[in-house]
Amino acid sequence: MSQSKDFLRTIVEEDLKSGKYKEVVTRFPPEPNGFPHIGHAKSIFINFGIASDYNGHCNLRMDDTNPTTEDTIYVEALKDAVKWLGFDWGDAVYFTSDYFSKIYDYAIQLIKMDKAYVDSLTEDEIREYRGTVTESGKRSKFAQRSIEENLDLFERMKKGEFKDGEHVLRAKIDMSAANMKMRDPLLYRIRHAHHFRAGDEWSIYPMYDFAHCLSDYIEGVSHSICTLEFENNRDIYNWVLDTLGLELPRPYQHEFARLGINYTVMSKRKLLELVENGQVSGWDDPRLPTIAGYRRRGYTPESILNFCDQIGVAKANSMVDVAQLEFCIRDDLNTKVPRVLAVLDPLKVTIENYEGHEEIDAPYYPHDVPKEGSRKLPFSKNIYIERDDFKENPPKGYFRLTPEQPVRLRHGYIITCKEVIKDAGGNICEIKAEYHPDSKSGSDSSGIKVKSAIQWVSAKEAKRVEVRLYDRLFSCEAPEGIQDLNPDSLHVIKNALIEPAVILDKPDERFQFERQGYFYADPIDYTDEKPVFNKIVGLKDSWGKKTKADKPTPEPKAQAKKVQVDGEVVAMTEAEQALFNKYTARSISIEIANTLARDENLSSFYEETLSVLNSPVSLANIVVNEVARELKQTQASELKFSADQIAELVKMVDDETISSKIAKEVFEEMVKSGENPKKIVEDKGLVQISDPSKISPIIDEIIAKNPDNVAKFKAGNTKLLGFFVGQVLKATGGKANPTVVNQLVAESLK
RNA sequence: UGGGGUAUCGCCAAGCGGUAAGGCAGUAGCUUUUGGUGCUACCAUUCGGGGGUUCGAAUCCCUCUACCCCAUCCA
């Protein structure tokens, strides 16, 4: 788990501490209309993770309010995904459809409160009446229906007396709300459709905005965590729960940024499109970011979980680099998986001076993986190596086999190239080589130095396998659609060769094919007769990177710093201008005068303080910088502190009774308690310490405690002055006069 | 254009007035019979821009800019 906690956990902790909830209850509430992807994994990780961190629990709930898109195969996929990731949802999976009758009752209640009405506008009319982001909407004439009529109509909607679209139930909120979502949102629509679970019992179905908050409430959820696009829906969430006057505790919604990964798409719509158009083999295509896809590809749940942990949770929209995910799977598999030898693109090598046959004992794990196990590696005159591991004209820095450079066969002997055989087209088709009998791995006395050891297989014993190599599905970082598909995302090698132990002994399902990557025995297509391996991820390849980078090196790096154009500032009204002039005449800075003049609340508050204390500049500063913050959230009349008190506070700063730092602290206290500043200062003993003889000993102590930083400071890191000042202030509870401290510290450190 | 959000290294991301965490990526070196792993070092004088308040600002105030979400009888 990460060391610093995220904003959600911070909220949860505060709520627990304040006693808002006795227990944390979260939920993972997908709509069963598609296969879950790694974005769902993030949500699962957050919801189940928070629940377990705080000894609460997390419900798995299918949000099945739309019968036309949902299906039971998706609920199975969702359950599989959660289970595979290792989370436990307890006794039962919950379904919103189980709450349909309760939700219906709540709707009745709303109608009876005259907070909901049956609207009979057409779909187009509803849209039209809603208005736009800049124009307010207008309410339907049907909103005036009587409670009785609404009750009657709604019941008949339920009974199925009307056709789809004839009526809807809407909340009566505000058709001119700035938040579009609050313009009388729909609560229920008529849908004569078969529900995969509720069957044909209902002909009306609740909308997300009505069902979700109530389902959360019914289940006793404390923290309803969803993604950012629901921010606007939070107002409805609260409206429904508050209007119904539900008993506390009730849930609150919190939003985080959904996961984006480059070179892939994450929206259900786009994923579905790929599946339906046959661009991929199915929801579990190993190139897809679905859980089923990663699973089939060979990713482990641990790697996905670790990825979710590494990327964190925040509210900033972001696009995570796939490299982060790839790191997680490599990191996990590195310590778990046996290493074997496989040749994907075979080149025949005949070792002319070797006769007979032998079996080399080779460990499955490298020296740095503390696991036991080994297998026999058959060796003979005829072997295959990777075509890439021989170069007739090697580039600089090439470590593998060349006509001049010998190479070691991993776990075996060193060989030297004697002759290169080519076909009619000039392609290399065979290498004639010699081996060095005294160079066997583990008992090498040949004294030959090689630069690398390469994988190989014995021709006779090697098994033929199919290997599927996957590349990113899309060729650009932020793909829009199928036009961005990478045409080479799948490369199938039908005749790769692998050492026999992998097939015969089956030491694992996942392997590292040495020097190539991690591979997974395909869980569906693999048979003993026709083994199939999926490439999970390649090894980090600093050589491949280097050779690739060597070609297109020149890259225009220096890009000019973007100039930012400033927008136009709204002009002041005449009255504001007059005020502004008055303020600047009192030698208030332009900036402060400007904000003061433009804000009526601030200026009137300021005038009030000024009538008590004649200190125009200090007062203006504190009003604009501190009081403004409070005035933003609270009406002037409801502020706990008064203009008089602010004046009093400023007076103490002006005559140096307290420092401005302390003034802020006192102000915070005034905001909370409305206590008199003088009294706060007295009660807490906040009077400023300016006497050097009292401060110096503290400075000496701090300096003695931080020899490293003293050295750094003396070496020229002048920023550290602030560190020492901070420490001294901390030691005195903020009471030391910072100006004096600054001087004294600077002197002491000289 | 109204409302709601968000901006800290190439990519994530801590930080909540007193020394700019960490991970990924990258670079260099050491180790290595995987050009893997491991280890070491380097990698933000600066936090979207500009002002202001303060002894001191990524953090507080003002302002501008950019991006995301909202006008489905989807969720």
Side-chain angles (χ1 to χ4, degrees), chain A residues 2-4 30-31 33 63 65-66 69 123 126-127 130-137 164-165 168 177-181 183 186 188-191 207-208 212 228-235 255 257 262 310-312 314-321 323-324 327 330 334-335 339 366-369 397 399 408 410-411 441-442 444 450-455 512 514-516 539-544 546 562-569 589 591-592 594-595 598 621-622 624-626 628-629 659-661 664 709 712 717 719-727 729-730 737-739 741-742:
Chain A
S2 347
Q3 57 277 49
S4 54
E31 182 191 13
N33 68 345
D63 208 6
T65 56
N66 185 359
T69 55
E123 202 172 334
I126 288 181
R127 188 170 17 257
R130 187 144 35 213
T132 66
V133 287
T134 44
E135 302 158 57
S136 76
D164 284 14
V168 290
N179 179 358
M180 296 289 294
K181 293 271 180 196
R183 322 253 255 228
L186 274 60
Y188 268 93
R189 79 290 218 183
I190 299 170
R191 276 265 216 280
M207 302 289 291
Y208 164 85
H212 202 93
L228 246 28
E229 65 268 26
F230 291 100
E231 273 172 326
N232 297 313
N233 301 253
R234 188 175 56 223
D235 284 344
E255 311 87 9
N262 57 187
Q310 286 188 9
I311 58 173
K315 293 191 76 160
N317 283 312
S318 55
M319 174 102 84
V320 178
D321 196 333
Q324 189 104 28
F327 166 82
R330 281 193 202 106
N334 177 44
T335 55
R339 318 290 143 125
H367 62 95
D368 50 356
V369 174
F399 291 170
R408 174 175 298 281
R410 176 78 164 142
H411 301 299
S441 191
D444 185 354
V450 290
K451 289 196 172 122
S452 78
I454 62 173
Q455 72 271 27
Q512 185 193 99
E514 288 207 39
R515 303 210 306 134
Q516 313 206 82
L539 258 28
K540 235 173 110 174
D541 181 9
S542 44
W543 169 246
K546 208 182 210 166
K562 258 188 269 170
V563 274
Q564 186 159 293
V565 275
D566 276 7
E568 232 170 272
V569 180
S589 77
E591 191 65 31
I592 298 284
N594 187 31
T595 46
R598 283 167 184 275
N621 283 343
I622 194 166
V624 166
N625 288 301
E626 309 296 327
R629 178 172 55 249
S659 63
S660 61
K661 183 187 172 77
K664 292 204 180 193
N709 282 333
K712 275 195 228 165
N717 190 349
K719 270 186 304 186
L720 253 25
L721 186 67
F723 163 76
F724 287 106
V725 175
Q727 292 297 308
L729 252 45
K730 204 170 153 193
N737 181 332
T739 318
V741 174
N742 264 301

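Numbered from 1 within each chain, the chains take letters A, B, ... in sequence-line order.
Whole-Å rounding puts the A:W543 CH2 to B:U32 C1' distance at 18 Å. Across the protein-nucleic acid pair, A:H367 atom NE2 and B:U33 atom C1' stand 9 Å apart, rounded to whole Å. The separation between A:K719 atom NZ and B:A57 atom C1' is 14 Å, rounded to whole Å. Counting to the nearest Å, the C1' atom of B:U54 and the CG atom of A:N742 are 11 Å from each other. A:K664 has its NZ atom 12 Å from the C1' atom of B:C55, to the nearest Å. Computed from coordinates, the A:R234 CZ to B:G4 C1' distance equals 8 Å when rounded to whole Å. Rounded to an integer number of Å, the gap from NZ of A:K315 to P of B:C67 is 21 Å. Separating the CE atom of A:M319 from the P atom of B:C67 is a distance of 15 Å, rounded to the nearest angstrom.
Stacking annotation: A:F399 is stacked on the base of B:G35 (ring centroids less than 5.5 angstrom apart, interplanar angle below 30 degrees).
Contact annotation for A:Q512: base contact, defined as any heavy-atom pair under 4.0 Å involving a base atom. A:K661 comes within 4.0 angstrom of a nucleotide base, judged by non-hydrogen atoms across all strands. Residue A:S542 is classed as a sugar-phosphate contact, given heavy-atom separations below 4.0 Å to backbone atoms only. In this structure, A:I592 reaches the sugar-phosphate backbone alone: every heavy-atom distance under 4.0 Å involves primed, P, OP1 or OP2 atoms, never a base. Across all strands, A:I311 comes closer than 4.0 Å only to sugar-phosphate atoms, never to a base (heavy-atom distances). In this structure, A:V725 reaches the bases: a heavy-atom distance under 4.0 Å links it to at least one base atom across the strands shown. Among the protein residues, A:G442 comes within range of the nucleic acid bases, having at least one heavy atom under 4.0 Å from a base atom. A:L729 comes within 4.0 angstrom of a nucleotide base, judged by non-hydrogen atoms across all strands.
Partner A:Y208 forms a side-chain contact (heavy atoms from CB on, under 4.5 Å) with one of A:L186, A:D63, A:N66 and no other, that one being A:D63.
The two residues A:N737 and A:T739 make their nearest non-hydrogen contact at OD1-N, 3.0 Å. Shortest non-hydrogen contact noted between A:A257 and A:K315 is CB-C, 4.0 Å. Residues A:K661 and A:L729 share a closest heavy-atom pair of CD-CD2, 3.7 Å. What you find for A:P738 and A:S659 is that their closest heavy atoms are CD-CB, 3.8 Å.
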Protein proximity profile, nucleotides 68-75 of chain B - base contact B, sugar-phosphate-only contact S, no contact -, cut-off 4.0 Å on heavy atoms: SBSBSBSB
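Annotation: the span from A:E514 atom CD to A:I454 atom CD1 amounts to 12.0 Å, rounded to 0.5 Å. Once rounded to the nearest 0.5 Å, the distance linking NZ of A:K181 with CG of A:N232 reads 6.5 Å. Between A:L539 atom CG and A:R515 atom CZ the span is 10.0 Å, to the nearest 0.5 Å. Distance check: A:I592 CD1 to A:N625 CG gives 5.0 Å after rounding to the nearest 0.5 Å. Annotation: the span from A:S136 atom OG to A:R130 atom CZ amounts to 13.5 Å, rounded to 0.5 Å.
Judged by atom type and distance alone, A:E626 does not reach the base of B:U53 through any side-chain donor-acceptor pair under 3.5 Å. Below the 3.5 angstrom threshold, one finds no donor paired with an acceptor across the side chain of A:D566 and the base of B:U65. Looking at A:S441, its side chain comes within 3.5 Å of the base of B:U33 through a donor and an acceptor atom. Put simply, the side chain of A:D368 and the base of B:G36 share a donor and an acceptor less than 3.5 Å apart. Applying the 3.5 Å distance criterion, the base of B:U33 shares a donor-acceptor pair with the side chain of A:R408.
A salt bridge does not link A:R189 to A:D164: none of the charged side-chain nitrogens sits closer than 4.0 Å to a carboxylate oxygen.
Legend: residues meeting side chain to side chain contact (heavy atoms under 4.5 Å, CB included) with A:T132, ordered by chain and number and at least two apart, are A:T134, A:E135. In this structure, the side chain to side chain contact (heavy atoms under 4.5 Å, CB included) partners of A:K451, at least two apart in sequence or on a different chain, are A:F399, A:Q405. With sequence neighbours excluded, the residues satisfying side chain to side chain contact (heavy atoms under 4.5 Å, CB included) with A:N594 are A:M572, A:F580, A:R598.
Taking atom P in both B:G5 and B:G38, one finds a spacing of 43 Å when rounded to whole Å. Across B:A28 and B:C43, the matching C1' atoms stand 11 Å from one another, rounded to whole Å. Comparing the same atom, C1', in B:U54 and in B:C62 gives a spacing of 16 Å after rounding to whole Å. With both ends at atom C1', the span from B:C9 to B:G15 equals 15 Å, rounded to whole Å. Nucleotides B:A58 and B:G49, compared at atom P, are 11 Å apart to the nearest Å. Comparing the P positions of B:A75 and B:C67 gives a spacing of 31 Å, expressed to the nearest Å. Going from the C1' atom of B:C61 to that of B:C70 covers 30 Å, rounded to whole Å. Separation of the P atoms belonging to B:C69 and B:U63 is 26 Å when rounded to the nearest angstrom.
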Structure string for RNA chain B in dot-bracket form, Watson-Crick and G-U at under 3.5 Å, | interchain: .(((((((.[[[..)..(...]]].(((((.......))))).....[[[[[..)....]]]]])))))).....
Could you pull out the protein-nucleic contacts involving nucleotides 25-31 of chain B (nitrogen or oxygen on both sides, under 3.5 Å)?
from, atom 1, to, atom 2, distance (Å)
B:G26, OP1, A:K545, NZ, 2.2

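No hydrogens or angles considered: nothing links the side chains of A:E31 and A:T65 as a donor-acceptor pair under 3.5 Å.
Residue A:N334 places its side chain closer to B:U37 than to any other of B:U53, B:U37, B:C61.
One finds no side-chain N or O of A:R339 lying less than 4.0 angstrom from the OP1 or OP2 phosphate oxygen of B:G36. Contact between the side-chain N/O atoms of A:T595 and the OP1/OP2 oxygens of B:G52 is not found at any separation under 4.0 Å.
Where A:V369 and A:S318 each meet RNA chain B at their nearest nucleotide, the meeting point lying more 5' is that of A:S318. Mapped onto RNA chain B by nearest heavy atom, A:G397 and A:G567 fall at different nucleotides, with A:G397 at the one closer to the 5' end.
A syn base is found at B:U72: its glycosidic angle is within 90° of 0.
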